[in-house]
Each structure stands twice: as structure tokens, then as C-alpha cells.
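Presented below is the structure to which this report refers.
Everything numeric here is computed off the predicted structure, so don't read it as measured data.
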Amino acid sequence: MKSFTKILSIVLVPLLLATTMMSCVTTKTDVGTYASSTGEAYTYGKGKQIWLFWGLVPIGRTKVNTPADGSCQVVTRFNIVDGIVTSLTGGLITTYTIKVKAKK
């Protein structure tokens with residue numbers, strides 16, 4: 001029983017520390033006249049960017065739809081789901097959530 005708890009603590013404690021000490025990161029980039037436009041914002045497109053080896057090598061390039069006039073806001077987020085994926089893989093796979101917002 002002691003060996004089981006020792007193994008569990010070796011695996012569980014670092015995983016618990018990794019998930020609780022991560023921060024959620026959000027970047028918002030306004031493109032075109034989005035900031036000065038009036039209207040209600042809505043999600044125009046969504047995507048998921050996947051990286052290997054702690055964010056060094058991208059797996060493909062995520063193509064997210066954008067409005068024809070180019071006026072939008074690109075929101076890149078590293079949320080709790082992305083953090084769990086990163087933690088479970090030890091950072092070998094890292095994901096980011098991408099949203100494109102436009103105004104009506």
C-alpha cells in the first residue's frame with residue numbers, strides 16, 4: 001500500500017501543481033475598423049491551433065473565417081481545456097483556442 005501511495009503522489013502532485021499554477025492567457029487584436037464600429041459583436045469563426053514540443057512546432061496553420069471587409073477582432077485564448085491538454089501531455093502538445101468576432 002505504501003508503494004501505491006508513493007507512486008500516486010509522484011504522479012498526482014506534479015499534475016495537480018501544473019494544472020493549478022497555469023494561467024489563462026487571452027490576447028485580443030482589433031483588425032480594420034472593428035474598434036470604432038458600432039453594433040453588437042458576435043462570433044464569426046472559431047478554430048484550434050495545435051503546437052508540438054512546448055509550442056515550438058505548429059501542426060499546420062489554422063484557417064479561421066474572417067469577414068470580407070476585414071473588420072474583426074481576433075481573440076486567442078489559452079483556457080482551462082487547453083491547459084489540461086498541455087498538462088496531460090507534459091507540454092508535448094499545446095493547444096490554443098481562436099475566435100474571430102465581428103459586429104452586425
Shortest non-hydrogen separation from [X] to [Y] and the atoms involved:
X      : Y     : value
Val100 : Pro67 : CG1-CD, 4.2 Å
Pro58  : Gln49 : CB-NE2, 3.9 Å
Val64  : Gly45 : CG1-C, 3.6 Å
Tyr44  : Asn65 : CD2-O, 3.5 Å

[X] side, atom [atom1]; [Y] side, atom [atom2] - distance, nearest 0.5 Å:
X      : Y     : atom1 : atom2 : value
Ile84  : Thr89 : CD1   : OG1   : 11.5 Å
Lys103 : Glu40 : NZ    : CD    : 11.0 Å
Thr33  : Asp69 : OG1   : CG    : 6.5 Å
Lys99  : Gln73 : NZ    : CD    : 11.0 Å

Evaluate Val75 against Thr27 for side chain to side chain contact (heavy atoms under 4.5 Å, CB included), listing each step before the verdict.
CA-CA 6 Å; Val75 180; Thr27 59; over 6 Å; no

With side chains defined as the heavy atoms from C-beta onward, is the minimum distance between [X] and [Y] less than 4.5 Å?
X     : Y     : result
Thr94 : Ile50 : no
Phe53 : Ile93 : no
Phe78 : Thr26 : no

Quick one: is the NZ or CZ of Lys104 closer than 6.0 Å to the six-membered ring centre of Tyr42, and within 45° of its axis?
yes

Looking at Thr62 and Gly47, would you say the former's side chain and the latter's main chain have a donor-acceptor pair under 3.5 Å?
no

Is the number of heavy atoms from other residues, nucleotides or ligands within 6.0 Å of NZ (Lys48) greater than 12?
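Yes, NZ of Lys48 has more than 12 neighbouring heavy atoms, counting only those of other groups under 6.0 Å.
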
Grouping I, L, V, M, F, W and Y whenever their side-chain heavy atoms are under 4.5 Å apart, do Val25 and Val74 come out in a common cluster?
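In one cluster: no.
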
If Ile, Leu, Val, Met, Phe, Trp and Tyr residues are connected whenever their side-chain heavy atoms lie under 4.5 Å apart, and connections chain through other members, are Ile80 and Ile98 in the same group?
no

Taking atom types as modelled and ignoring hydrogens, do the side chains of Asp82 and Thr97 form a donor-acceptor contact shorter than 3.5 angstrom?
yes

What verdict does the side chain to side chain contact (heavy atoms under 4.5 Å, CB included) test give for Leu56 and Leu52, after you've listed the backbone C-alpha separation in whole Å, the side-chain angles of each residue and the deciding distance to 0.1 Å?
CA-CA 6 Å; Leu56 296 175; Leu52 289 176; over 6 Å; no

